[in-house]
Amino acid sequence: KELFNGDQVLRIHVESEDHIQALKELEEDVDSGLDFWTHGFSTERPIDIRVPHSSLSAVKDFLKKNNVPFNVMINNVQELLDREKSEMVSNAKMER
Amino acid sequence: STKSFNFAAYHDLETIYSFMDTLVASHPNLITKVHIGNSYENRPMYALKFSTGGVNRPAIWVDAGIHSREWVTQASAVWIANKIASNYGVDPSVTSLLGQMDIYLMIVTNPDGYVFTHTNNRMWRKTRSVKSGSSCRGVDPNRNWDAGFGGPGASKDPCSDSYHGPYAHSEVEVKNVVDLIMGHGNFKSFISVHSYSQLLMYPYGYTCTDIPDMSELHSVGTAAIKELTSLYNTRYQVGSICKIIYQASGGSIDWTYDIGIKYSFAFELRDTGFYGFLLPANQIIPTAEETWLGLKYIMEYVRNHPY
């Protein structure tokens, strides 16, 4: 079972064409294992990306280096998953 | 009994399929379970057909869960199935709609992916088909339709989450729906339900060119969202796929629009980032309730505007 310990979801606020170019570069880097939750790069809408723990510092450094503004939407994906799992277990018990 | 079913919880495929059987058994004169084919891993694929009779009536298609990790869509579709069944004969609007048209509702459009999200990888989005020459599995089933197939906004890399597949309709899950739609020949509306980002979209995605019916679909979409928003004030945007999210080729509603199904829409349900695909279960019913209002508006509009 795949775990997502320490994975974060970053929300990126694109403000310029330079930011878009930087994100395209990021998207092409398949080795980082980035999971784009929202696609399409425009200044109209934020972009959410799940970043594996192992790539976090590199991705954050890259965004900072390119002056791309971002914030952390989900601090630890696995924590949410664990909560979801325990909720499902408790719901299943209720049904029985 | 459907009365004891917990709609405010996420369920596995077996439980959803069992719920469908219960719903059909409770409304034998209204609902039938249509077996439209099997998935890549040989799981049956079912659409619930709500019909009060008549041969080849005009119909509305609604599907959920084509992207397996978007769990609130399958859960909302379960609630909506029950809502349609329980409102028939009670709500004049639903009763009148089903007096004239059939509704096909597919709750789990990507069953292999859905099972995989429960057992191996909660973040799985694609089908589970094997590609020769690649260790990566699965195709994005919403990049696999014959509408600008292989164009911008889809990946040729089998490891990508938006991989379009080797050819249009290569995925049996897509082909099964295509065959049903083509074989039926009288669908007037096709609505695909996705989540997250709170949008109601119409074609096109494969090009940023406006569709001929843009102004009508935009006004239907805007009015539908006004209804949706009236319940909990959830913020939605309305527009073409290309203009409000991104250029994406091979999408289902582009294909349906191009074969003549004018009222083609795609919903993106909650949320906007704080939970993503891990929306807490206590938001299932509110999400389904508001979605139902938007959906009902579109269905009523389709009924009132035959073409």
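Lettering follows sequence order; numbering is per chain, from 1. Note that the structure is predicted; figures quoted are calculated from it, not measured.
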Looking at [X] and [Y], what are the two nearest heavy atoms and their distance?
{"X": "A/M73", "Y": "B/F274", "answer": "CE-N, 3.6 Å"}
{"X": "B/S197", "Y": "A/R45", "answer": "CB-NH2, 3.3 Å"}
{"X": "B/M123", "Y": "A/D35", "answer": "CB-OD2, 4.3 Å"}
{"X": "A/R11", "Y": "B/G273", "answer": "NH2-CA, 3.7 Å"}
{"X": "B/N121", "Y": "A/E2", "answer": "ND2-OE1, 3.1 Å"}
{"X": "B/T272", "Y": "A/D48", "answer": "O-OD2, 3.9 Å"}

Is it the side chain or the backbone of [X] that comes within 4.5 Å of chain A heavy atoms, both, or neither?
{"X": "B/L199", "result": "side chain"}
{"X": "B/D12", "result": "neither"}
{"X": "B/E268", "result": "neither"}
{"X": "B/S160", "result": "neither"}
{"X": "B/A8", "result": "backbone"}
{"X": "B/W124", "result": "neither"}

**Request:** Tell me, yes or no, whether the heavy-atom count around A/F70 atom CZ, taken from other residues, nucleotides or ligands under 6.0 Å, exceeds 12.
**Result:** yes

What distance separates [X] [atom1] from [Y] [atom2], expressed to the nearest 0.5 Å?
{"X": "A/I47", "Y": "B/I245", "atom1": "CD1", "atom2": "CD1", "answer": "12.0 Å"}
{"X": "B/S155", "Y": "A/E27", "atom1": "OG", "atom2": "CD", "answer": "8.5 Å"}
{"X": "B/N282", "Y": "A/E87", "atom1": "CG", "atom2": "CD", "answer": "6.5 Å"}

Do [X] and [Y] come within less than 4.5 Å of each other through their side chains, counting heavy atoms only?
{"X": "B/Y196", "Y": "A/T38", "value": "yes"}
{"X": "A/W37", "Y": "B/R69", "value": "yes"}
{"X": "A/F36", "Y": "B/D161", "value": "no"}
{"X": "A/M88", "Y": "B/H118", "value": "yes"}
{"X": "A/K85", "Y": "B/R122", "value": "no"}

**Prompt:** Considering only heavy atoms, which portion of A/E84 lies under 4.5 Å from any heavy atom of chain B: side chain, backbone, both, or neither?
**Reply:** side chain

